[in-house]
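Report on one structure; see the data block that follows.
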Amino acid sequence: APIVAALKAGGMGAIASEDIRRDIWLKLVNNLTNGPITLLSGADMRTTFAQPALRAAALAILAEGLALARAEGNDLSEGAEERVMRSAVLPHKPSILQDHQAGRATEFATLFEAPLRIARARGVAVPMLDTLVSLARVATGQPDPG
């Protein structure tokens with residue numbers, strides 16, 4: 001693809017996706033499992049997920065995110081828990097936490113509020129995600145989408 005060639009020519013890594021919607025859902029589910037929790041902890045993923053209760057919360061959100069992705073026609077279950085657990089040991093702060101801590105605008109509405117709207121529209125229960133996003137909204141001063 002020409003865009004991949006242009007990115008590589010500019011020194012960036014790039015690969016063409018065979019299923020961009022699936023890849024977007026993979027990334028979104030990953031963001032859902034770590035974003036709200038690290039916003040609340042204020043710490044990197046390794047520090048945050050060293051706490052067993054927070055690992056369990058991430059896995060609960062993972063199950064909800066997988067159900068939501070399935071409702072949208074994307075079965076992401078194969079290898080999902082392993083992907084999350086690989087991320088959980090990284091001493092990395094997700095970009096939403098980095099942006100919040102630096103006082104920059106975050107992608108809160110796109111990463112968290114939009115999936116909650118999709119869940120409501122599809123009738124997919126996401127109580128853990130809803131709770132943690134609500135807590136993160138209050139903790140970070142995000143407006144209530146009402």
When rounded to the nearest 0.5 Å, the distance separating CG of Leu90 from OG1 of Thr48 is 12.0 Å
On a heavy-atom basis, the closest approach of Pro52 and Ala50 is CD-O, 3.3 Å
Nearest heavy-atom contact between Gly65 and Val29 is O-CG2, 3.7 Å
- Are Arg83 and Asn30 side-chain neighbours, meaning at least one heavy-atom pair lies under 4.5 Å? no
For Leu76 and Ala69 the tightest heavy-atom approach is CD1-CB, 3.6 Å
*Take Ile37 and Leu40 through the test side-chain contact (heavy atoms from CB on, under 4.5 Å) and record every step on the way to the result.*
CA-CA 5 Å; Ile37 297 172; Leu40 290 165; 5.7 Å; no
Query - N/O donor-acceptor pair under 3.5 Å between Thr106 side chain and Ile96 backbone - result: no
Side chains of Lys93 and Thr38: does their closest heavy-atom pair fall under 4.5 Å?
no
* To do: Assess whether side-chain contact (heavy atoms from CB on, under 4.5 Å) is satisfied between Leu59 and Met85, documenting all intermediate values.
  => CA-CA 9 Å; Leu59 292 174; Met85 290 300 102; 3.7 Å; yes
| request: Report yes or no: does Asp44 contribute a side-chain atom to a donor-acceptor pair with the main-chain N or O of Arg46 at less than 3.5 Å? | output: yes
Taken in chain and number order and not counting sequence neighbours, the residues that satisfy side-chain contact (heavy atoms from CB on, under 4.5 Å) with Ala67 are Arg70, Val124
Checklist entry - Around atom CD1 of Ile3, are there more than 12 heavy atoms of other residues, nucleotides or ligands at under 6.0 Å? => result no
Closest heavy-atom pair, Arg22 versus Asp75, reported as atoms and distance to 0.1 Å, is NH2-O, 3.6 Å
Taking Glu113 for its side chain and Phe108 for its backbone only, find out whether a donor-acceptor pair lies under 3.5 Å.
-> no
Compare all side-chain heavy atoms of Phe49 with those of Asn34 and state whether any distance is below 4.5 angstrom. yes
Assess whether atom CZ of Arg21 is packed by more than 12 heavy atoms of other residues, nucleotides or ligands within 6.0 Å. no
In short, Leu68 meets Pro115 closest at the heavy-atom pair CD2-O, 3.5 Å
Leu39 and Phe112 have their tightest heavy-atom pair at CD1-CE1, 3.8 Å
Taken to the nearest 0.5 Å, the spacing of Thr33 OG1 from Leu28 CG works out to 9.5 Å
Rounded to the nearest 0.5 angstrom, the CG-OG distance for Leu26 and Ser17 is 9.5 Å
- Please report the C-alpha distance between Glu64 and Leu32 in whole Å, then the side-chain angles of each, then the deciding distance to 0.1 Å, and finally whether the side-chain contact (heavy atoms from CB on, under 4.5 Å) criterion is met. CA-CA 9 Å; Glu64 294 174 2; Leu32 292 174; over 6 Å; no
Check your understanding: Do the side chains of Ile61 and Val138 join up, straight or via other hydrophobic residues, at under 4.5 Å, putting them in one cluster?
Key -> no
Please answer: with hydrophobic residues joined when any side-chain heavy atoms are less than 4.5 Å apart, are Ile24 and Val84 in the same cluster? no
To the nearest 0.5 Å, atom CG of Leu97 lies from atom NE2 of His92 at 9.0 Å
side-chain contact (heavy atoms from CB on, under 4.5 Å) assessment of Val4 paired with Ile15: CA-CA 6 Å; Val4 171; Ile15 57 170; 5.8 Å; no
